[in-house]
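Just so it is clear, the structure is predicted and the values come from calculations on it, not from any experiment. Letters go in sequence order (proteins before strands), and every chain restarts at 1.
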Amino acid sequence: MTQLRAERVTHYFGGLCAVSDFNLELERGALMGIIGPNGAGKTTVFNIITGVYRATEGSIYFDGDEIIGKTPDRIVAMGISRTFQNIRLFNELSVLDNIRIAHYAGSRYNPFEALLRIGRYKAEERRIREHSYELLALFNMDVLASTTARNLPYGQQRRLEIVRALATGPSLLLLDEPAAGMNPREVDQLTDFIRWIRRTFNLTIILIEHQMRLAMAVCERLMVLDFGAVIAEGPPKVIQTHPLVLEAYLGEKVPV
Amino acid sequence: MIYLLQQALNALQLGSIYALIALGYTMVYGILSMINFAHGDFFMVGAFLCFIVATFMQLPFLPALLISMAGVALLGVIVERVAYKPLRQAPRVSAIITALGVGIFLENFTLALSPYPKHVPTIIENTTISLGGLTMSSLQTIIIVLSIVMMTVLHFIVQHTKVGMAMRAISWDKNVAPLMGVPVNHIISITFALGSGLGGVAGMLYSMAYPVIDPYMGIIVGWKAFISAVVGGIGNIRGAMLGGYILGSVEVLVAAFLPSTYRDFVAFSLLLVLLIFRPYGIFGKPRTQKV
């Protein structure tokens, strides 16, 4: 069953075409990678899917509903969540509060109930708190709950971003360069980690990678972007030897 | 000694009003990084609403309070939607100029309706309680207690509800908050409603204590509250409260021991000195940008 479908998505920044004619069919439960050199438009695709940018042309359907034109918070509520290339945690808040915020869309009580401390307020707040702790515990981060996010070591901050994204209750998770800044050993662990969260949370995952190593190891299917256009698509084996991909990564072959 | 205690009460009364107004400045700054220079005039509108309901409708205290608060809260939400929202991506200076414009609009709109200063009728019977030489009026009690209740409620909202958490998230990173499911426009409206509502309450309490009101009354009081917010650390809620009480105390102390014309001069000099040593205010933290 198709979960995400993009049709002829094109996006301009002024005169610059950042994404051109992007098409995608993503099955529920798939693990797909988008790779490409710097500035190829990978993050722009994520920004369009999550509603940060409104695509100049084209449509995107998520579970059959058009999402272009919806605000980011509505899109999150529909079940798409993401992480960021450069870590974007709420630095001044505790680890727990970072996770609690992500429950906003799913919490049901109104300000009056909160002020009078009646009705759903207490039960909802308790549910959110418990759920946050459960999530953190699942990632061995519950002992860090009251730590200020800024004070976490780098690897934990990356991990917390993923937990925060999961806390919004997504069915589609977008990971933007999860391996950035990691050493080869950590990258190997990340491969298992990504497979594990897909299984545990029943997710469809799209992964952006700048370096091939992780993308090749973990993704079932890869899409290669260069200058905003899809130049190749297929299983990692095919991509690895695709002439256009080699050209994009290594430069044009010089005729001898 | 009694004299000092008496002055402390006066300081609490004045400080409460500054603190209530300062909260409006600091909340808007925290969430939008802009100074809503029309906020002092929101305060003035609160005083006029109180005048209107007390004079023409003869409403008692509680309904008058609710109307002033809700009226100014609504005004704040409308002003944000109409005047500030279109400028959200614009340079901050443009938004600040717009705020000044909104302030001048409100002053002159009120002026057009009522060119003369108005006298607010008493809506609370003013009895005084005497405690061993220390006199406390019922009005003074209401101002102090009500302000503290309001601030406690605000503190609870900001610290313990999802809306408050969303406010803090937006104030930290307004681009990421929506991507975590926080409806930014909605939260900004709530912030304006809360901040302006407190300004409206302050306007009403002020007009009960100093019952002659005019359209320009919000300017100087607004400035002082703004300075209170800066002294406490703008963007910081506890800071705004503390700043309000500091400014109130300094003003009352100066008026008590020096010629009363020295009041603003000494108060502002002290604040200038404080800012030299703590440029981010008492609770403010410099936001370091990673390079």
Side-chain angles (χ1 to χ4, degrees), chain A residues 46-47 49-52 70-84 86-94 96-117 121-122 124-125 128-129 149-150 161 164-170 174 176, chain B residues 30-31 66 69-70 73 77 85 88-89 149-191 193-194 197 233 235-237 280 283-291:
Chain A
F46 271 17
N47 281 337
I49 297 176
T50 51
V52 177
K70 287 203 160 71
T71 54
D73 55 287
R74 296 262 302 117
I75 293 173
V76 172
M78 291 170 76
I80 302 181
S81 190
R82 70 176 287 180
T83 64
F84 302 86
N86 43 349
I87 301 171
R88 299 284 288 270
L89 291 166
F90 301 112
N91 280 334
E92 295 287 287
L93 303 185
S94 69
L96 181 67
D97 284 354
N98 268 279
I99 305 300
R100 284 168 70 201
I101 283 166
H103 286 84
Y104 190 99
S107 66
R108 315 244 168 278
Y109 67 85
N110 61 45
F112 290 104
E113 288 173 304
L115 274 188
L116 303 171
R117 315 198 72 158
Y121 168 72
K122 278 195 167 172
E124 278 290 282
E125 280 295 326
I128 289 171
R129 191 174 283 272
R150 182 168 33 111
E161 256 212 339
R164 183 179 65 171
L166 292 171
T168 65
L174 311 179
D176 197 346
Chain B
I31 207 160
L66 286 178
M69 187 161 78
V77 172
K85 197 178 166 207
R88 216 176 276 163
Q89 307 303 327
V149 169
M150 293 269 168
M151 289 187 245
T152 314
V153 168
L154 181 74
H155 183 81
F156 170 76
I157 293 176
V158 172
Q159 294 299 327
H160 298 288
T161 69
K162 60 170 182 168
V163 166
M165 191 120 66
M167 286 176 182
R168 287 185 287 147
I170 294 173
S171 120
W172 181 257
D173 193 331
K174 59 172 85 43
N175 299 316
V176 170
L179 292 165
M180 293 303 129
V182 173
V184 173
N185 288 335
H186 185 66
I187 300 294
I188 288 175
S189 290
I190 294 178
T191 308
L194 287 173
N236 185 300
I237 285 183
Y280 296 97
F283 287 128
K285 278 185 217 136
R287 274 211 182 164
T288 43
Q289 194 90 38
K290 267 191 193 166
V291 192

Asker: With a 4.5 Å heavy-atom cut-off, do Leu179(B) and Phe84(A) have their side chains touching?
Answerer: yes
Asker: Heavy-atom distances under 4.5 Å only: say whether Thr71(A) touches chain B with side chain, backbone, both or neither.
Answerer: neither
Asker: How long is the span from the NZ atom in Lys162(B) to the NE2 atom in His103(A), to the nearest 0.5 Å?
Answerer: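 These two atoms lie 12.5 Å from each other.
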Asker: If we only count heavy atoms from C-beta on, is the Val182(B) to Ile101(A) side-chain gap below 4.5 Å?
Answerer: yes
Asker: How many angstroms lie between atom CZ of Arg150(A) and atom CH2 of Trp172(B), to the nearest 0.5 angstrom?
Answerer: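 Arg150(A) atom CZ to Trp172(B) atom CH2 measures 6.5 Å (nearest 0.5 Å).
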Asker: Considering only heavy atoms from C-beta outward, does the side chain of Met180(B) approach that of Val76(A) to under 4.5 Å?
Answerer: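 They are not in side-chain contact.
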Asker: Decide yes or no for Ile187(B) and Tyr104(A): does some side-chain heavy atom of the first lie under 4.5 Å from some side-chain heavy atom of the second?
Answerer: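 Yes, close enough: below the 4.5 Å cut-off.
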Asker: Need one label for Leu93(A): side chain, backbone, both or neither, based on atoms under 4.5 Å from any heavy atom in chain B.
Answerer: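 For Leu93(A), the side chain is the part near chain B, not the backbone.
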Asker: Which answer fits Ile75(A), side chain, backbone, both or neither, if we ask what part of it has an atom under 4.5 Å from a heavy atom of chain B?
Answerer: neither
Asker: Taking C-beta and beyond as the side chain, do Arg168(B) and Asp97(A) meet within less than 4.5 Å on heavy atoms?
Answerer: yes
Asker: So do Val176(B) and Arg82(A) actually touch side chain to side chain, heavy atoms under 4.5 Å?
Answerer: no
Asker: For a 4.5 angstrom cut-off between non-hydrogen side-chain atoms, does Asn175(B) reach Val52(A)?
Answerer: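 The answer is no, as the side chains (C-beta and beyond) never meet within the 4.5 Å cut-off.
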Asker: Which bit of Asn98(A) comes within less than 4.5 Å of chain B, counting heavy atoms only: side chain, backbone, both or neither?
Answerer: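 Asn98(A) has no heavy atom closer than 4.5 Å to chain B.
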